[in-house]
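The basis for the numbers below is simple: all heavy atoms, side chains too, and nothing from hydrogens, waters or symmetry mates. Both counts, for ligands and for their atoms, begin at 1 and track the order of listing. Position 1 is the first residue of the sequence, and the numbers go up from there.
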Amino acid sequence: MSNDRTIDIAPSILSADFSRLGEEIEAVKRGGATILHVDVMDGHFVPNLTVGLPVVKSLAAATDLPIDAHLMISEPGRYAQQFVEAGARMVSVHVEADAHLHRTLNAIRTAGAQAGVVINPATPVASLVEALPYADYALVMSVNPGFGGQKFIKTSIDKLRRLRQMIEERKLNVRIEIDGGIDLENIGAVVAAGAEIIVAGSAIFGTGSPENAVRGLREATVQWV
Ligand code: DX5
Ligand code: ZN
């Protein structure tokens with residue numbers, strides 16, 4: 001693994017105070033956040049409902065942080081391009097939700113954003129084999145998607161290692177993202193295992209100072225980069 005990796009800290013606004021979203025975003029930016037992670041849920045693919053296109057559009061106009069739209073929706077191919085048009089610079093779709101991944105990932109890229117492919121905790125790393133060349137990043141879920149504040153599933157570390165190995169062996173230009181239950185205790189281990197884009201919700205917005213929380217998470221990665 002190369003020693004000069006860029007680590008992105010991507011706060012998930014799911015745990016933020018939605019009535020003060022603008023302030024919350026400014027705070028995490030001051031703390032060193034480099035991506036804003038937006039969880040889109042449809043109440044069908046996952047048992048929860050969150051935000052959609054209008055919120056992404058408003059956020060994109062309000063911040064210069066790149067927006068990473070994590071689509072936890074069935075048939076994401078029907079909407080992926082619209083999220084790019086709404087201003088998302090990264091859009092990810094789940095392998096479990098899309099029978100036409102190749103088409104959807106290409107559509108995201110053609111629309112001008114980075115395309116991400118996501119696997120749930122019980123979905124094997126091998127399910128990414130054919131899709132990786134069409135993706136800019138691969139997201140390993142370390143909780144079952146749907147809610148913030150869940151406990152990190154430890155077997156995700158080994159999935160990260162195997163995914164990193166697969167990417168390096170094939171010399172692919174795919175970054176690895178991790179999402180779910182990330183905190184000060186485990187962030188070093190996920191970075192050491194190969195993750196480069198680190199999503200965290202409750203460990204940032206569930207604290208008194210989201211700004212300091214981001215700073216602390218980033219500091220905890222330094223020795224592993
Ligand atoms: C879960 C979402 C996550 C979530 C992470 O379905 O995809 O992005 O907000 O929150 P924490 O960091 O609290 O697990
Ligand atoms: Zn997410």
Query raised in the report: Which residue holds the protein heavy atom closest to atom 13 (O) of ligand 1, what is that atom called, and what is the gap in Å?
Result: Ser202 OG, 2.6 Å
Report task. Name whichever N, O or S atom of Asp39 ends up nearest to the Zn ion (ligand 2). Result -> OD1
**Report entry** Side-chain (Thr34) to main-chain (Asp8) donor-acceptor, under 3.5 angstrom
**Finding:** no
Query raised in the report: Do the rings of His94 and His70 sit parallel, tilted or perpendicular, given the 30° and 60° boundaries?
Result: parallel
Query raised in the report: Would you call Glu26-Arg20 a salt bridge at under 4.0 Å N-O?
Result: no
Query raised in the report: Which of the atoms of ligand 1 are close to His37, meaning less than 4.0 Å from one of its heavy atoms?
Result: 8 (O)
Report task. Identify whether Leu172 and Ile119 are in the same connected component of the hydrophobic contact network (ILVMFWY, side-chain heavy atoms under 4.5 Å). Result -> yes
Requested in this report: Using side-chain contact (heavy atoms from CB on, under 4.5 Å) as the criterion, point out the one residue from Thr63, Val56, Leu21, Asp68 that pairs with Leu36.
Outcome: Thr63
**Report entry** Ligand-residue contact atoms, ligand 1 with His70, heavy atoms, under 4.0 Å
**Finding:** 7 (O)
Query - For ligand 1, the portion of Pro145 having any non-hydrogen atom under 4.0 Å away - result: both
Query raised in the report: Is Arg215 salt-bridged to Glu211, cutoff N-O under 4.0 Å?
Result: yes
Report task. Could you tell me whether Ile182 and ligand 1 have an N or O pair separated by under 3.5 Å? Result -> no
Query raised in the report: Val125 pairs by side-chain contact (heavy atoms from CB on, under 4.5 Å) with which of Lys159, Arg164, Gln165?
Result: Lys159
Requested in this report: Taking only heavy atoms of Met141 into account, list the atoms of ligand 1 that are under 4.0 Å away from them.
Outcome: 7 (O)
Query - Any donor-acceptor N/O pair, Glu196 side chain to Arg175 backbone, under 3.5 Å - result: no
Query - Protein contact of atom 2 (C) of ligand 1 - nearest heavy atom, named by residue and atom, plus distance - result: Asp39 OD1, 3.4 Å
Query - Top protein contact for atom 1 (C) of ligand 1, by heavy-atom distance - result: Phe147 O, 3.6 Å
Requested in this report: Answer yes or no: does atom CD of Glu75 have more than 12 heavy-atom neighbours from other residues, nucleotides or ligands under 6.0 Å?
Outcome: no
Query raised in the report: Between Ser12 and ligand 1, is there a nitrogen or oxygen pair with a distance under 3.5 Å?
Result: yes
Query raised in the report: Are the side chain of Arg30 and the backbone of Asn212 linked by a donor-acceptor contact shorter than 3.5 Å?
Result: no
Requested in this report: For atom 12 (O) of ligand 1, grab the closest protein heavy atom and report residue, atom and distance to one decimal in Å.
Outcome: Gly201 N, 2.8 Å
Query - Distance in Å, Gln81 CD paired with Asn106 CG, rounded so as to fall on 0.5 Å steps - result: 11.5 Å
Query - Residue Gly146 vicinity, atoms of ligand 1 by number, heavy atom under 4.0 Å - result: 1 (C), 6 (O)
**Report entry** Geometry at the Zn ion (ligand 2) - Asp179 OD2 versus His70 ND1 angle, rounded to 10 degrees
**Finding:** 90°
Report summary line: Within 4.0 Å of some non-hydrogen atom of Met72, the atoms of ligand 1 are 6 (O), 7 (O)
Query raised in the report: With a 4.0 Å cut-off, would you call Asp64 and Lys29 a salt bridge?
Result: yes
Query raised in the report: With a 3.5 Å cut-off and no angle check, do the side chains of Thr104 and Asp98 form a donor-acceptor pair?
Result: yes
**Report entry** Identity and distance of the protein heavy atom lying nearest atom 3 (C) of ligand 1
**Finding:** Asp179 OD1, 2.9 Å
Query raised in the report: Considering distance alone, does some N or O of Asn144 sit under 3.5 Å from an N or O of ligand 1?
Result: no
Query raised in the report: Which ligand 1 atoms does Gly148 reach within 4.0 Å, using its non-hydrogen atoms?
Result: 10 (O), 13 (O)
**Report entry** Top protein contact for atom 14 (O) of ligand 1, by heavy-atom distance
**Finding:** Gly181 N, 2.8 Å
**Report entry** Numbered atoms and elements of ligand 1 in range of Gly180, under 4.0 angstrom, heavy atoms
**Finding:** 14 (O)
Query raised in the report: Is Ala203 in contact with ligand 1, taking contact as a heavy-atom separation below 4.0 Å?
Result: no
Query raised in the report: Against heavy atoms of Gly149, which atoms of ligand 1 measure under 4.0 Å?
Result: 11 (P), 13 (O), 14 (O)
